[in-house]
Amino acid sequence: MLGIPLLSLVIWLPIAAGVIVLATGGDRNANMARMVALAGSILGFLVAIPLYTRFNPLIAGMQFVEVEPWIERFHVNYHLGVDGISLWLVLLNCLTTPLVVIAGWRVIEKKVAQYMAAFLIMSGIVNGVFMALDSLLFYVFWEAMLIPMFIIIGVWGGPNRVYAAIKFFLYTLLGSLLMLVALIYLYNQSGSFNILDYYRLPLSMTAQIFIFFAFFVAFAVKVPMWPVHTWLPDAHVEAPTGGSVVLAAIMLKVGAYGFLRFSLPIAPDASHALSGFMITLSLIAVVYIGFVALVQSDMKKLIAYSSISHMGFVTLGIFIFNAIGTEGALVQMISHGLVSGAMFLCVGVLYDRMHSRQISDYGGVANKMPMFAAFFMLFSMANSGLPGTSGFAGEFMVILGAMKANFWIAFLAATTLIFGAAYTLWMYKRVIFGAISNSHVEALLDITPREFLFLAVLAVGVLGMGIYPLPFSELMHASVNDLLVHVAQTKLQ
Amino acid sequence: MPAAAEIILLCALAVIMIVDLLVDDPKRFVTFMLTQISLAICLVATIATSSVAAVHTFDGMFVSDMMTTVLKAGVYVSVSILLIYSRSYIESRSLCRGEFYTLSLFAVLGMMVMISAANFLTLYLGLELMSLSLYAMVALTRDSAVATEAAMKYFVLGALASGLLLYGMSMLYGATGSLDIEKVLAAIKSGQANPNVLVFGIVFVVAGLGFKLGAVPFHMWIPDVYHGSPTAVTLFIGSAPKLAAFAFVLRILSGGLQPLVHDWSQMLVILSFLSMAVGNITAIAQTNLKRMLAYSTISHMGFLLLGILSGTVDGYSAAMFYVLVYALMTLGGFGMIMLLSREGFEADNLEDFKGLNARSPWNAFVMLLLMFSMAGIPPTVGFYAKFSVLQAALKTGHLGLVIAAVIFSLIGAFYYLRIVKLMYFDSASDNAPIAGTQDARILLGINGLAVLLLGILPQSLMALCARSIQSSMIGF
C-alpha cells in the first residue's frame with residue numbers, strides 16, 4: 001500500500017461520502033441516503049484500520065506523514081501525521097461514525113440526507129483535527145468542525161435547540177479566536193506554521209504564559225473544564241442522540257488532545273508553572289461537578305455532567321506530568337469515548353420510545369426491556385469505573401499517577417469512584433428497577449436488532465478495553481515518553 | 001497602450017447610449033447584452049495591455065501596473081455579475097431603463113480612472129465620475145421617498161467628503177509643490193516639505209478617505225443609503241466601488257505618504273477600531289437585512305484598514321485580498337436578496353429568510369457559505385481574509401487592536417449565525433417558489449462555491465495580491 005496517502009483518505013473519504021449523500025438522496029430518497037451514508041461510514045472505518053496494523057509502536061515521532069505545500073504565501077503546508085497520542089482518537093472517531101449512522105437510521109425522519117451528510121463530513125473534519133501537523137491546517141479543521149455540529153443541534157435538536165446551538169457555537173468560537181492570535185504570534189516568531197517547529201522555538205516566560213492562556217481558553221472550553229463548561233449541558237440536552245454521542249465521544253477529546261499537542265510542548269515552562277492552577281480546576285470538575293450530576297432529574301443532563309467530571313480526570317492526568325498519568329488520561333479519553341457514547345445511545349433508545357428524558361417518568365423498565373437493561377447495566381458500571389470495564393483502567397492509572405505527585409490530589413480524585421457510582425447507579429436504579437411505574441413503561445418493547453448491533457459493538461469495546469488495556473497503552477508509550485521528555489526541558493534562554 | 005480599456009469603454013458607452021434610444025422596453029435586453037459585451041472587451045483589453053512593471057502615460061497622470069490590472073478585472077467581473085443578478089429585479093421594478101446600464105458603465109469608468117490614477121487630479125476626477133453616477137443611480141426610483149432621501153444624504157455627505165479630500169490635497173500640494181504622487185513622495189523623502197502642513201493635510205485626506213470607505217466616525221451615510229436604494233443599486237455601491245476605494249487609499253497613503261506612515265497609521269488605528277466596534281455591535285440590533293449588511297460593511301472596512309494601517313507590503317497585500325474577497329461575498333449576499341425578491345416583494349427583512357432550507361436547500365446552503373465566510377469561519381475564504389490582515393497587524397505590533405478585532409468578529413459571528421438559524425432552524429412563513437432568472441441562480445451557486453473553493457485553495461489569489469502589491473509599491 002505504499003504510495004497511498006492513507007491519512008488523506010481517512011479525512012476525505014467520509015467528506016466525499018457526505019457530499020455524495022447530499023447529491024444522491026434528497027428528502028424524497030431517504031433510504032438511499034441512509035444506505036450511502038452507512039457504506040461511506042463503514043468504508044471510512046475500514047480505511048482507518050491499516051493505521052493500526054501498520055503503526056510502529058517503537059517510533060515516538062509522527063508516522064504516515066504527508067507534506068504538500070498548501071498556502072506558500074504563509075509557508076503553510078498540508079502536513080499530516082499520527083503518533084501514539086492521536087492514533088487511538090482517530091480510530092475512535094472512525095468507529096463512532098457508523099454507530100451514529102445506524103443509531104439515526106429510523107429515528108431521524110426529517111431531512112435524512114442532510115443529517116447523515118453532516119455526520120460524515122464532521123467525521124472527516126475531526127480526523128483532520130487529530131492528524132494536522134500544521135497549525136493553520138489544524139485551525140481550519142478545528143473551526144470547520146463547528147459548522148456541522150451547529151446545524152445538527154439546531155435542526156434536529158430539542159425544543160430549546162436554537163439557544164443551545166448558538167451558545168455552543170459562540171462559546172467555542174471565543175476560545176478558538178484567541179488561539180488564532182497565539183498561532184499568528186508563533187508564526188511571526190518562527191516563520192512557520194509547523195507545529196513541530198514550535199516545539200523547538202525558545203520563548204520567554206511572559207510569552208509562554210500568554211500563549212498558554214490563549215490555548216487554555218480554546219481547549220478548556222472544548223474539554224470542557226470548570227468554569228467554562230456551561231455550554232455542554234445545554235448542547236447535550238438539546239442535541240439529537242447522534243449529536244450527543246459525537247459531542248461526548250469525540251468533540252470533548254479534541255480539547256484534551258489540544259493540551260497534549262500544543263500547550264504542553266509549546267509552552268512547557270508555563271505549563272509547569274500553572275500546573276497547580278490546572279490541577280485545581282480539574283479537581284473542581286471531578287468533585288463539584290460530580291455533586292451537580294447527583295441532583296439532575298434529566299438523564300441526558302446527568303450524563304453530560306458526568307462527562308465533565310470524567311474529563312476532569314483527563315486534564316488531571318495530563319497536568320501531573322508523569323507517564324502513567326498521561327497514559328491514563330489517554331486511556332480515559334478512549335474509554336470515555338466508548339462509555340459516554342454508549343450511555344447517550346442508551347438514553348436515546350429510551351427517548352425514542354417514550355419521548356422523555358426525565359428520570360421520574362421511568363421506573364421498572366427492566367421488566368419490559370431485559371436485554372436493554374443488561375446493556376445499560378454494563379455501561380453504567382463502566383461509567384462508575386468498575387474494575388473489568390474500560391472506565392476503571394483509565395481512572396486507576398490517573399489516580400496512580402496522582403499518587404506519585406501528591407497524596408491529597410489522588411485522594412480527591414479517587415472520590416469520583418464513589419460519586420460516579422452514586423449518580424450513575426442511582427439513576428440506573430430509578431429508571432430500570434422497581435415496579436412498572438406507568439402505562440407508558442408498560443407499553444415498552446425491547447431493543448431491535450439494529451439497536452442491539454450498536455450497543456453490542458460498544459459493549460465489546462468497553463469490556464475488551466477493561467480486561468486487556470495493554471495494547472492501548474502499548475501504542476502510546478513511545479510518544480508519551482517523548483512528550484514528557486520534551487516537556488521536562490525548559491525553553492527559556 | 002496602457003489606457004486602452006478606458007478609451008474603449010468610453011466609446012462603447014457612447015454607442016450604448018445611442019442604441020438605447022432606439023430600443024423600447026421589451027427589447028432592453030439588447031442594452032444589457034451590449035453592456036456585458038463592453039465589460040468583456042474591457043477585461044480582454046486590460047489583460048492584453050497589462051504589464052508587471054508600472055507604465056505611465058498622459059504625462060505621468062495615469063499608471064498601469066499589475067495591481068491596476070487585478071483590481072480592474074475585479075471591477076469588471078463584479079459589475080458584470082451584479083448586472084446579471086439584478087436583471088429580473090430591475091425589470092420587475094421598472095428600473096430597467098437605459099440609464100441604469102449607462103450610469104453603471106460611467107461608474108465603472110470612474111473606478112478605472114481611480115484605480116489607475118497617478119496624480120491627485122486624476123484621482124479626484126475618477127472619484128467624482130464614479131460618485132456622481134452612483135448618486136444618480138440611487139435616485140433612479142424618483143417616486144420613492146426613501147430612495148430620494150437616500151440619494152440626498154449620499155450626495156450631501158459625499159460632496160462634503162470630496163471637499164475635505166480636496167482641502168487635504170491642496171495642503172499636500174502646498175507643502176510639496178506637486179500633485180503628482182511620485183513627486184509628492186520624492187518631496188517628502190527629501191525632507192524639504194513643511195511637516196506641519198503635511199500632517200494637517202493628511203488629517204483631511206484621511207477624513208475624506210474615511211467617508212468614501214465608510215469607516216466610523218464617517219459612516220453615517222452607509223446604513224441609510226444601503227437601506228434606501230433599490231437592492232440592485234445597493235449591491236453596486238457595496239461591491240465594485242470598494243475595490244476602487246482601496247486602490248485610492250493605497251495610492252495616496254502608501255504611494256504618496258509612505259514616509260509619514262507613523263502619522264496616518266495612528267489615525268487609521270482609531271478608524272479601524274471604531275468601525276469594527278460600531279459596525280459589529282450595531283448590526284446585531286438590525287431587523288432589515290440590507291441595514292444589517294450595511295453595518296457589516298462598516299465592520300469589514302475596519303478589518304480592511306487593519307491591513308492598511310500596518311503600513312507594510314504584507315499588510316497591503318492582505319488588505320487587497322480582503323477587499324477582493326469582500327466584493328465576492330457582498331455580491332453573493334445581495335444577490336440572494338434579489339433572488340428571493342419578486343414583483344412587489346422585497347426579501348430584505350431577516351424574517352424573509354425563515355425556513356429557506358425547506359424551500360430551497362441549495363440556495364440555503366449557498367447563503368450559509370456566504371454567511372460563514374463573512375463571519376470569517378474556515379473553511380471559507382472569509383477566514384483567510386481576516387487571518388491575513390490579523391497576521392500583518394500583529395507583525396507590526398498591534399497586539400491590542402488584534403485582540404479587539406477577534407473579539408468584535410466574535411460579536412459579528414452572532415448576527416451572521418442568526419441568518420443561518422433563520423434559514424435552517426425555523427420553519428418557513430412564506431412558501432412562494434423562488435423567482436429569479438436561471439442564469440442568476442446558476443451564477444449565485446458558482447458565487448457560493450467560489451467562497452468555499454477559494455477557502456480550500458486560497459494560495460493563488462493570495463499570491464496574486466502579493467505580487468501585484470510588490471510590483472506597484474513606489475513608496476518603498
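Per chain, numbering begins at 1; letters A, B, ... match sequence-line order.
- Using a 4.5 Å cut-off between heavy atoms, B/Tyr384 contacts chain A through its side chain alone, with no backbone atom that close.
- You'll find the ring centres of A/Phe74 and B/Phe387 inside the 6.0 Å limit.
- Residues A/Lys111 and B/Ala358 approach most closely at NZ-CA, 4.0 Å, considering heavy atoms.
- Using a distance-only test at 3.5 Å, with no hydrogens or angles considered, no donor-acceptor pair links the side chain of A/Trp70 to the main chain of B/Pro458.
- For a residue to count as touching a neighbouring chain, one of its non-hydrogen atoms must lie under 4.5 Å from one of that chain's; by this rule B/Phe383 touches chain A with the side chain only.
- Heavy atoms closer than 4.5 Å to chain B are found nowhere in A/Tyr78, neither backbone nor side chain.
- Heavy-atom pairs under 4.5 Å with chain A peak, among B/Ser409, B/Gly455, B/Ala463, B/Pro378, at B/Pro378.
- If you measure heavy-atom distances from B/Ile411 to chain A, you find no contacts under 4.5 Å at all.
- Only the side chain of A/Phe169 comes within contact range of chain B, judged by heavy atoms closer than 4.5 Å.
- With rounding to the nearest 0.5 Å, the separation of OG in B/Ser460 from CD in A/Glu72 is 10.0 Å.
- Ranked by heavy-atom pairs under 4.5 Å with chain B, the list A/Leu178, A/Val76, A/Leu136 is led by A/Leu136.
- The closest donor-acceptor contact from the side chain of A/Glu143 to the backbone of B/Pro379 lies at 3.5 Å or more, if one exists at all.
- Within the 4.5 Å cutoff, side-chain heavy atoms of B/Asp314 are placed close to those of A/Arg73.
- Two residues are said to be in side-chain contact when any heavy atoms from C-beta on lie closer than 4.5 Å; A/Pro69 and B/Gln459 fail this criterion.
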Could you go through the side chain to side chain contact (heavy atoms under 4.5 Å, CB included) check for B/Phe365 and A/Leu22 one step at a time?
-> CA-CA 11 Å; B/Phe365 178 66; A/Leu22 281 179; 5.8 Å; no
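- When atom types are taken as modelled, the side chain of A/Arg161 and the backbone of B/Phe425 share a donor-acceptor pair closer than 3.5 angstrom.
- With B/Gln391 as reference, A/Ile184 is the one residue of A/Ile184, A/Leu183, A/Leu180, A/Val181 to meet the side chain to side chain contact (heavy atoms under 4.5 Å, CB included) rule.
- Enclosure of atom CZ in B/Phe408 by more than 12 non-hydrogen atoms of other residues, nucleotides or ligands within 6.0 angstrom is indicated.
- Rounded to the nearest 0.5 Å, atoms CD1 (B/Ile377) and CG (A/Leu173) are 4.5 Å apart.
- Of the atoms belonging to B/Tyr424, heavy atoms from both backbone and side chain fall under 4.5 Å from chain A.
- With a 6.0 Å radius and a threshold of 12 heavy atoms from other residues, nucleotides or ligands, A/Phe210 has its CZ atom at or below the threshold.
- Both the backbone and the side chain of B/Ser388 come within contact range of chain A, judged by heavy atoms closer than 4.5 Å.
- Residue contact with chain B, scored on non-hydrogen atoms closer than 4.5 Å, is absent for A/Phe141.
- Rounded to the nearest 0.5 Å, atoms OH (A/Tyr187) and CG (B/Leu394) are 12.0 Å apart.
- The side-chain heavy atoms of B/Val420 and A/Ile151, taken from C-beta on, include a pair separated by under 4.5 Å.
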